[in-house]
Amino acid sequence: MKICAIIPTYNNANTIKKVVSGTLKQLPVIVVADGCTDGTLEKLQSINNSNLTIISYKKNKGKGYALKQGFLRAKQTGYTHALTIDADGQHSTDDIQTLIHAAEIRPEAIVIGNRTIKDGYVPKKNSFANKFSNFWFKVQTGFPVPDTQSGFRIYPLAGLHGLHLMTNKYEAELLILVCSSWANTPIISVPVRAWYPPKDERVTHFRPARDFTRISILNTILCIFAVFYGWPRSHWRFLLYGPTFLFYAIIADFVCYKYLLHPTKDAELKMRRRISYGAGLLLKSFPCCKFTVHTLPDAKPLNPKEPCIMIGNHTSMLDIVAMIALNEKTVVIGQNWVVNNIFFGRIARTIGVITVGEGVENYIPTLKQYIKDGYSIVIFPEATRSLNGCLLRFHRGAFYVAEQTKTPIRPILFEGFAQALQKHPFHVGAAKEMKVTILPTIEPEDKSFGEDYRARAINIRRYYDSLLRHTDFNNSGN
């Protein structure tokens with residue numbers, strides 16, 4: 001991933017030098033001076049840095065036009081991604097790495113900085129404009145995005161759609177999001193800070209009457225196109241996915257019901273084997289995706305006859321399906337909604353999904369018995385799926401269970417699953433590879449990740465994070 005920053009500016013002489021200098025510490029910068037008349041261009045020219053490119057023209061043409069010039073220059077220079085940041089100092093350049101981290105894990109997605117921590121008084125017109133834009137974006141795409149008006153973003157230049165339709169004014173950023181969403185480019189949000197200066201120091205070029213009129217006209221046009229083009233194009237994979245998933249859920253329900261009529265040990269093994277086989281078929285037949293399993297050279301394949309604690313990064317509902325496909329003899333520690341789901345709740349209860357709402361400590365005797373009987377325990381240390389595919393904090397439960405039961409940990413890395421089936425907004429992705437990589441076993445006596453389960457939770461998360469950021473290792477095993 002080769003990334004640069006694009007900063008469109010119009011008369012931001014008081015803040016431009018600070019924003020550009022802070023950004024240059026982390027990325028090469030393309031500044032588009034959009035007809036500045038207040039000395040902004042002169043301040044830019046005083047910055048002596050070979051990583052700074054300045055595009056300028058005399059007549060002010062609008063933010064959309066400036067962004068387009070920046071995108072075209074970035075593509076010509078060979079960049080794959082472009083970070084955009086406003087020149088008014090509203091965004092902290094310290095948050096650039098937060099967006100880059102998300103883009104490294106989800107390089108195909110548009111990453112938006114969701115302004116969750118706001119310092120200073122937020123003008124009512126800004127708040128209203130954002131809510132107004134968020135509402136219409138959801139109507140036009142079916143996907144909720146919490147901050148469609150944030151100019152702090154990372155765009156994958158190859159997945160940037162609507163550029164040829166892009167307006168020259170303020171509403172251009174909304175148009176890009178809508179067109180890209182229709183083309184199945186995932187849109188994810190990460191929390192960032194925002195600073196709003198006092199009213200007498202605030203520089204804004206937003207014209208409420210004129211710009212709201214332009215945005216309203218654009219939203220009317222987009223809603224019309226959404227009905228006849230956007231919705232059918234962006235949701236056909238969902239329409240294909242739904243029947244596929246429902247078919248396998250009904251078959252698995254039938255297999256479980258048949259076992260419940262005659263619950264013998266042999267019947268249970270046959271039932272688990274069939275569900276495991278069906279889970280594999282579901283992943284292999286999942287719309288527009290290729291399912292593959294790789295084992296690193298220094299790791300050994302999973303063996304259902306060898307009990308272990310199976311852990312993985314939790315990015316999609318399909319992660320659980322993959323765990324069952326990998327090992328037919330598993331017990332999954334999950335959440336209450338899994339066993340109560342109308343479609344696969346019976347499957348979950350029959351194969352032994354355990355909910356540990358009162359804490360995993362109270363279930364150690366039960367888990368020891370499962371391990372003694374030859375079952376592997378599946379635990380996702382993050383407990384829940386993230387909204388953007390990035391790693392959340394690893395909780396201690398999996399490592400506590402491994403320590404208490406003296407059972408080896410089998411780490412498993414999931415890639416592409418969030419792209420195939422994103423949590424929220426719900427998104428069935430374009431053709432991708434759902435890749436499972438089986439990592440080396442961590443034996444109970446192995447102290448390389450820490451002396452206790454707390455240290456292991458922290459260091460194994462870092463291990464996963466390093467693998468997700470640098471995936472060259474993926475080509476080394478089959």
Side-chain angles (χ1 to χ4, degrees), residues 1-104 111-113 115 119-120 150-157 160 168-170 172-173 176 190 192-198 200-206:
M1 187 172 81
K2 188 177 179 183
I3 183 170
C4 70
I6 297 173
I7 305 177
T9 179
Y10 172 61
N11 290 351
N12 297 112
N14 293 332
T15 56
I16 187 64
K17 197 165 184 178
K18 180 181 178 182
V19 173
V20 171
S21 299
T23 307
L24 279 169
K25 293 177 182 178
Q26 304 177 66
L27 294 171
V29 173
I30 299 172
V31 178
V32 184
D34 183 27
C36 299
T37 59
D38 68 338
T40 297
L41 183 59
E42 289 74 11
K43 290 200 173 185
L44 285 170
Q45 292 170 339
S46 69
I47 301 175
N48 184 19
N49 193 308
S50 60
N51 286 324
L52 174 62
T53 301
I54 301 173
I55 302 173
S56 65
Y57 39 87
K58 291 184 178 180
K59 185 178 179 181
N60 174 250
K61 297 185 178 182
K63 187 176 184 180
Y65 184 86
L67 283 172
K68 187 187 294 185
Q69 301 312 304
F71 290 141
L72 292 175
R73 178 64 64 88
K75 282 186 173 183
Q76 293 168 0
T77 314
Y79 291 103
T80 60
H81 290 71
L83 177 141
T84 61
I85 183 171
D86 292 341
D88 59 4
Q90 179 187 126
H91 308 295
S92 171
T93 55
D94 293 339
D95 287 328
I96 288 176
Q97 287 302 319
T98 301
L99 273 69
I100 292 176
H101 185 191
E104 287 176 336
V111 181
I112 300 179
R115 294 166 290 185
D119 296 326
S150 173
F152 200 14
R153 306 176 180 182
I154 290 183
Y155 295 97
L157 295 177
L160 198 60
N168 289 341
K169 303 300 181 181
Y170 179 80
E173 291 174 301
I176 292 177
V190 294
V192 297
R193 292 161 289 181
W195 177 73
Y196 292 86
D200 55 341
E201 298 178 16
R202 189 173 302 135
V203 176
T204 178
H205 305 295
F206 182 78

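Residue indices begin at 1 and follow the sequence shown.
Lys63 pairs in a side chain to side chain contact (heavy atoms under 4.5 Å, CB included) with only one of the listed residues (Thr9, Asp86, Asp34), which is Asp86. Results of the side chain to side chain contact (heavy atoms under 4.5 Å, CB included) test with Phe152 over Leu99, Ile112, Val190, Thr98 single out Leu99 as the only residue that passes. For the side chain to side chain contact (heavy atoms under 4.5 Å, CB included) with Ile54, the qualifying choice from Ile30, Ile7, Leu41 is Leu41, the only one to do so.
Between the side chain of Lys43 and the backbone N or O of Ala13, at least one donor-acceptor pair lies under 3.5 Å. Judged by distance alone, the side chain of Arg73 and the main-chain N or O of Thr53 form no donor-acceptor pair under 3.5 Å. A donor-acceptor contact shorter than 3.5 Å links the side chain of Ser92 to the backbone of Asp94. Although no hydrogens or angles enter the test, the distance criterion places no donor-acceptor pair under 3.5 Å between the side chain of Ser21 and the main chain of Lys18.
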Inset, instruction - Verify side chain to side chain contact (heavy atoms under 4.5 Å, CB included) between Ile176 and Tyr155, making sure each step is shown before the conclusion. - result: CA-CA 10 Å; Ile176 292 177; Tyr155 295 97; 3.6 Å; yes
Legend entry - Residue pair Tyr57, Val32: steps toward the side chain to side chain contact (heavy atoms under 4.5 Å, CB included) verdict: CA-CA 9 Å; Tyr57 39 87; Val32 184; 3.7 Å; yes
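Residues Thr80 and Leu157 have side chains not in contact (no heavy-atom distance under 4.5 Å, counting atoms from C-beta outward). Between Leu27 and Ile100, some side-chain heavy-atom pair lies under the 4.5 Å cut-off. Looking at Arg115 and Val192, their side chains come closer than 4.5 Å, going by heavy atoms from C-beta outward.
Of all non-hydrogen atoms in Ala102 and Val111, the two that sit nearest each other are CB-CG1, 4.0 Å.
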